[in-house]
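Everything below concerns the one structure shown next.
Just so it is clear, the values below take in all heavy atoms, side chains as well, and ignore hydrogens, waters and symmetry mates. Below, chains carry the letters A, B, ... as their sequence lines are ordered, and counting in each starts from 1.
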Amino acid sequence: MQYKEYKSVNYAAIADEVLAFWKENKIFEQSIEVREGSPTFTFFEGPPSANGTPGIHHVMARSIKDIFCRYKTLRGFQVKRKGGWDTHGLPVELQVEKELGITKEDIGKKITVEEYNQKCRETVMRFTDQWDDLTEKMGYWVDLENPYITYKNEYIESIWHLLKEFYNKGLLYKGYTIQPYSPAAGTGLSSHELNMPGTYKDVKDTSLTAQFKVIENHKSEFLFKASEGEVFILAWTTTPWTLPANSALTVGKNINYVLVKTFNPYTYLPVNVVLAKDLIGKYFSEKGKDGDFEGFESSDKKIIPWTIIAECKGSDLEGIEYEQLLPYVQPEAPAFRVIIGDFVTTEDGTGVVHTSPTFGADDFRVAQQHGIPSIMVKDETGKDVPVVDRRGRFVKEITDFALEYVKEAYLTDDEKEAERIKQGRDKYLSVDERIAIKLKTENKAFNVQRYEHTYPHCWRTDKPVLYYPLDSWFIRTTAMKDKLVELNKTINWKPESTGTGRFGNWLENLVDWNLSRSRYWGTPLPIWRSEDGEEVCIGSVEELVNGIKHALKDDVLNEEQRKKNESFIHSFTHSTFDLHRPYVDEVFLVSASGKLMQRETDLIDVWFDSGAMPFAQWHYPFENKEIFDANYPADFISEGVDQTRGWFFTLHAISGMLYDSIAFKNVVSTGLVLDKNGNKMSKRLGNAIDPFDTLGKYGADPTRWYMITNAEPWDNLRFNLDGITEVRNKFFGTLTNTYNFFALYANLDNYKMSETDRVPYANLPEMDRWILSKLYTLIKEVGEQFDDYNPTKAGRLVQDFVCDQLSNWYVRLCRRRFWQGEMTENKKAAYETLQQCLVTVAQLMSPIAPFYGDWLYKSLTDSIREEAKASNSPLRHESVHFTDWPTYDASWVDANLETSMELSQTVSSLIHSLRKTHKIKVRQPLQRILIPVLSESTREQIRHVEDIIKSEVNIKAIEYIDDDSGILKKKVKPNFKALGPKYGKDMKLIAEGINQLSAEDLKVLEKEKQFLIPNSQFLIALEDVEIQTEDVPGWLVVSDKGITVALDINISEELRQEGIARDFVNRIQNYRKDTGFEVTDKISIKLLNNNEALTAAVEANREYISQEVQALSLEVLSESPANAVEIEMDEFMLVVTVEVRA
RNA sequence: GGGCUUGUAGCUCAGGUGGUUAGAGCGUUACACUGAUAAUGUAAAGGUCCGUGGUUCGAGUCCACGCAGGCCCA
């Protein structure tokens, strides 16, 4: 037996079987070895974190990665894919804390940093077994023998090298970010701490709407033209103490603003103010609208008149300059202008946001984007500091309020009393209140109110937090923004919108990358600093060790520091050192001027870890320079679209900024895997799908095929197990059936393919040429889709070919060729053609369904492997994954033939439809069909496939009628596409005219190629209409896709008898099968003559019947034969004996 | 609140540059076929193309504004 036959197929079992084969023969390793010396195709693995268990979405994401690596291997590239593990970061820390029952506060108290980090290191790799298992079971080929692991010293050393590069280029600097800060506790608060219950409290604060006086110039001209006198922009704040630090006003680009003429409610001076149109009602009463301006001065001033004198968009206000509101401290660069921000709303205030980059996170970001400086003062060491100190007090430069707490809550009762006496008032007035008073008197306040809102408080001191600038280390991405934007344009994004939209916008609005994290488990920032700002950035372990040695020579260090340094040197010489905290914190260096330098305690953002992987995975530049050079940048990466600002960005930023290169050429950003109802999967909700269960039950191939072909990778996938069942039955079932059909008969015929001895094209039957034409077209299109990184379309093409063309048409129509007669050339051609189709399908599908593809390939070709090896022909490979992608050969493609076959399919379908409506079953032969054809080429195309149509629908003859026959009725339809551009508005008239054309008119049109629509001046051309045939009088007619078919349903006696004979054959065949006869058994039949019509039909078709059922004799008896059985036929009762003849 | 994205049959999805009757598979129903048979074929039913406006002779397709879901960011 050349070909294995399979009774029932379990796709999970196939995967297991093939996996065992892969493992035993190291097929993955070989698939890389066989391409040694070929061009490389580089893939970067975005590392998963192994501290969680894998989910079904990982199967999806990794299938995408796997597909293109396999595809490129087939295309002749060597594809190395190094696996990796992401090991640092907050999730690991949180998990450890949860398991130990501790909080961040306890680190260094209940548990040492050393122990804590040790615990993290153990935890993070806890689930690697599960991950490895999934990787294997889903058929993902990635090198897990030598993965990169981000916590390794080598990895960290590479990162340090990169950081030093940034440092040397002046792109790594110490700045600040705005973070929640508790002056009372003297510490920053994490978002976690801010989210603790009870931190947000309702408080009443003094809110203030300030008037910012606009400077008249060309930008603001339109405001002054519309008004007389001074123009102010109104901005609202609940923290008046931040006003001395104001350096910009932010408006919303699309918000509508108005200029209102009115009076200041405190000074009663005439003013013109700008605010959002939607918020007019908050500041002005309806009574004062368009009120009496003239009489205001002499009135009781209870109703302030106002009127709108101009309107504009926020974008019109951009760039307008204004006078500094509280000019205590001058900025170092031009400030005080209107900028655009996306966080402005019209829910509160005036639709204009007072912007202070030192005391607001949004403010900081938007100011940085627009190059607006912060209001800062120099401290005693010359360092820039904000106008509020770390205890929450104004600095001395804010003269009116020097050294006063900005929040009343920071004062004790005693302090308050002392202040009250100093102020000389009955009651202590807070800084906010006194700023309000000051502004009121200076005609700079438009509205002052007590305002109740919720505000976060420090969970330890219960005092309000400040948003305050805290030290942070940054990478100056803004300096290289243009370059990053330019480089991005050379990346092929799938889908494009992620690249231009989400990623492109992100780059356009770039702010400096904040690297600092105040944590314990991560890559330490390799910067050592002295108290007065001398610093060194360490770029390698060697540098560090040299630095330590140098420090030890000096006498700056104390005894303990020396000891710790020596301890590090000791661990280094014994190769037990660790670049994590706390060890690196215990390294003390000495600056050039002989000052002690300690490490900045920050860790770096874990995203830098993953973005550094192109370099760090190879320990570059300390090792593997050649490998790195050959594998940079990546040809292809793929991750979830949520990584756009994560991994995609960090890869891009590091490569772009340091090496002026993109990090990846092609990127597929994938969507989410949702549950079948479109909800996010989560273990908590219990709607998560277990990947191991799924793979075990359905097999990796149907699972992967379903995920890939159901939705394009970048769309969200609604994951439904029923979908896998469908794919399994429809696609894999059909394909396996087709293979089994091939194997069954090939084995019976003892057929064995040869790669060289093939039936030449000239001798191939039409059917074979057709399916091969389809096959070559398929090869081309599938390749194009894979090249375009669209696996969905590639898979769907393969699926359609297998189900619709190969199985439902080629095999179904060619069945006889396989089972009848001796091994003729025709039969040989059928085997060869089918086998070629199947082998090719195995190749084309193998990137998506790697186990099944290999299984199919091997089932089809194992029997000739030895010969193929000997002759070094294409099928010599043990695995489909070593083969070469089939070459597209246009000479096999016959478009004309493909059209013909489509016509035959259409015509057959039409006749089936007619038969059905008239309840004439296919087994009843009919005499003829009539096909009206309007062109000779159509006639030729149908004639080509006449035999196929005839046998498919069981008719004797096909006749054609054309114009000359005179019986053809034609229908004419307007061709809108052609008419539209010519006539436009007159379309309706013309369409009506065309629909009313008579048969005679049509004739004229066809003859003259043009026609004047009656009662109009519209001269239409032949191509302006579509002419179709409609009716054949006296026949049963149906049309579709421009083809009309008429069926002759007269059943002659002869046809009727043939129909009966076919029915008879059918019953005998069923009987043979039910009784368990072998396919090759010859039989004898005895039939009781109990009906003349039946007997006559049998007699008339004796030869046909005998041949079909392999009867050596067929007797009609007048008496019931011995051991007769009764078989029902539509109108008859067969009484027969059917016996095997020896 | 902002950016990106999705919305077509009960379900999952197709529907270049606008062209008048919007398709496929699954599911449902009916019928047929019967040496691929735990397979296969044919057909029927099933649609406010998310909504509202607009552009156009003509809109599922283009534009605007909404609604609903998703992701990321605030």
Can you list everything that forms a side-chain hydrogen bond (donor to acceptor under 3.5 Å, both in side chains) with [X]? Sequence neighbours excluded, please.
X: A:Ser669; result: A:Thr498
X: A:Trp647; result: none
X: A:Gln785; result: none

Gap in Å between the two [atom1] atoms, one belonging to [N] and one to [M], rounded:
N: B:G27; M: B:G46; atom1: C1'; answer: 11 Å
N: B:U17; M: B:U21; atom1: C1'; answer: 23 Å
N: B:G51; M: B:C11; atom1: P; answer: 15 Å
N: B:U6; M: B:G16; atom1: P; answer: 14 Å
N: B:C73; M: B:U55; atom1: C1'; answer: 35 Å
N: B:G47; M: B:G7; atom1: C1'; answer: 14 Å
N: B:G10; M: B:U56; atom1: C1'; answer: 35 Å
N: B:A74; M: B:C67; atom1: C1'; answer: 23 Å

How close or far is atom [atom2] of [N] from atom [atom1] of [X], stated in whole angstroms?
X: A:Leu813; N: B:A36; atom1: CG; atom2: C1'; result: 14 Å
X: A:Gln799; N: B:C13; atom1: CD; atom2: P; result: 14 Å
X: A:Ile724; N: B:U12; atom1: CD1; atom2: C1'; result: 13 Å
X: A:Gln369; N: B:G3; atom1: CD; atom2: P; result: 14 Å
X: A:Asn954; N: B:U34; atom1: CG; atom2: C1'; result: 14 Å

Base B:A36 to side chain A:Ser807, donor-acceptor N/O within 3.5 Å cut-off: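 Donor-acceptor pair under 3.5 Å: yes.
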Of all the choices, B:U5, B:G41, B:A36, which nucleotide is nearest to the side chain of A:Phe741 once you look at every atom?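 So the side chain of A:Phe741 is nearest to B:A36.
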Please list, chain by chain and in numerical order, all residues satisfying ring pair (Phe, Tyr, Trp, His ring centres under 6.0 Å) with [X], sequence neighbours excluded.
X: A:Phe1064; answer: none
X: A:Phe818; answer: A:Phe741, A:Tyr831
X: A:His58; answer: A:Trp131
X: A:His652; answer: A:Phe503

Are OP1 or OP2 of [N] and a side-chain N or O of [X] less than 4.0 angstrom apart?
X: A:Asn509; N: B:G3; answer: no
X: A:Asn710; N: B:C13; answer: yes
X: A:Asn1066; N: B:U34; answer: yes
X: A:Arg812; N: B:U40; answer: no

At 4.0 Å (heavy atoms only), tell me whether A:Ser497 reaches a base, stays on the sugar-phosphate, or touches nothing.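 Sugar-phosphate, no base atom in range.
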Need one value for A:Asp722: base, sugar-phosphate or nothing, where a base atom within 4.0 Å counts as base even if backbone is also close, heavy atoms only.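 Touches nothing.
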Does the structure show a Watson-Crick or G-U wobble partner for [N], both distances under 3.5 Å? Name it, or say none.
N: B:A45; value: none
N: B:A24; value: B:U12
N: B:C62; value: B:G54
N: B:A68; value: B:U6

Among residues at least two apart in sequence or on other chains, which ones pass side chain to side chain contact (heavy atoms under 4.5 Å, CB included) with A:Asp1063?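 Counting only residues at least two positions away or on another chain, A:Asp1063 forms a side chain to side chain contact (heavy atoms under 4.5 Å, CB included) with A:Lys921, A:Arg923, A:Arg1067, A:Met1129, A:Asp1130.
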Could you list the residues that satisfy side chain to side chain contact (heavy atoms under 4.5 Å, CB included) with A:Lys277, not counting sequence neighbours?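 By the side chain to side chain contact (heavy atoms under 4.5 Å, CB included) rule, A:Lys277 matches A:Asn256, A:Val258, A:Ile280, A:Glu311.
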Distances under 3.5 Å between nitrogen or oxygen atoms of protein and nucleotides 6-9 of chain B:
none

Should A:Val802 and A:Phe731 count as side-chain neighbours, where that means a heavy-atom distance under 4.5 Å?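 A:Val802 reaches A:Phe731 side chain to side chain.
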Stepwise side-chain hydrogen bond (donor to acceptor under 3.5 Å, both in side chains) check, A:Tyr11 with A:Thr703: CA-CA 10 Å; A:Tyr11 299 98; A:Thr703 304; over 6 Å; no
Give every pair of a protein N or O atom and an N or O atom of nucleotides 23-30 of chain B that lie under 3.5 Å apart, one pair per line with the distance.
| residue | atom | partner | partner atom | Å |
| --- | --- | --- | --- | --- |
| B:G25 | O2' | A:Glu726 | OE2 | 3.2 |
| B:C26 | O4' | A:Glu726 | OE2 | 3.1 |
| B:C26 | O2' | A:Glu726 | OE1 | 3.4 |

Nearest-nucleotide 5' precedence on RNA chain B, A:Arg796 against A:Thr738: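 Nearest-nucleotide comparison on RNA chain B picks A:Arg796.
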Reading nucleotides 64-74 of chain B 5' to 3', which nucleotides get B (base under 4.0 Å from a protein heavy atom), which S (sugar-phosphate only), which -? ------BBSSS
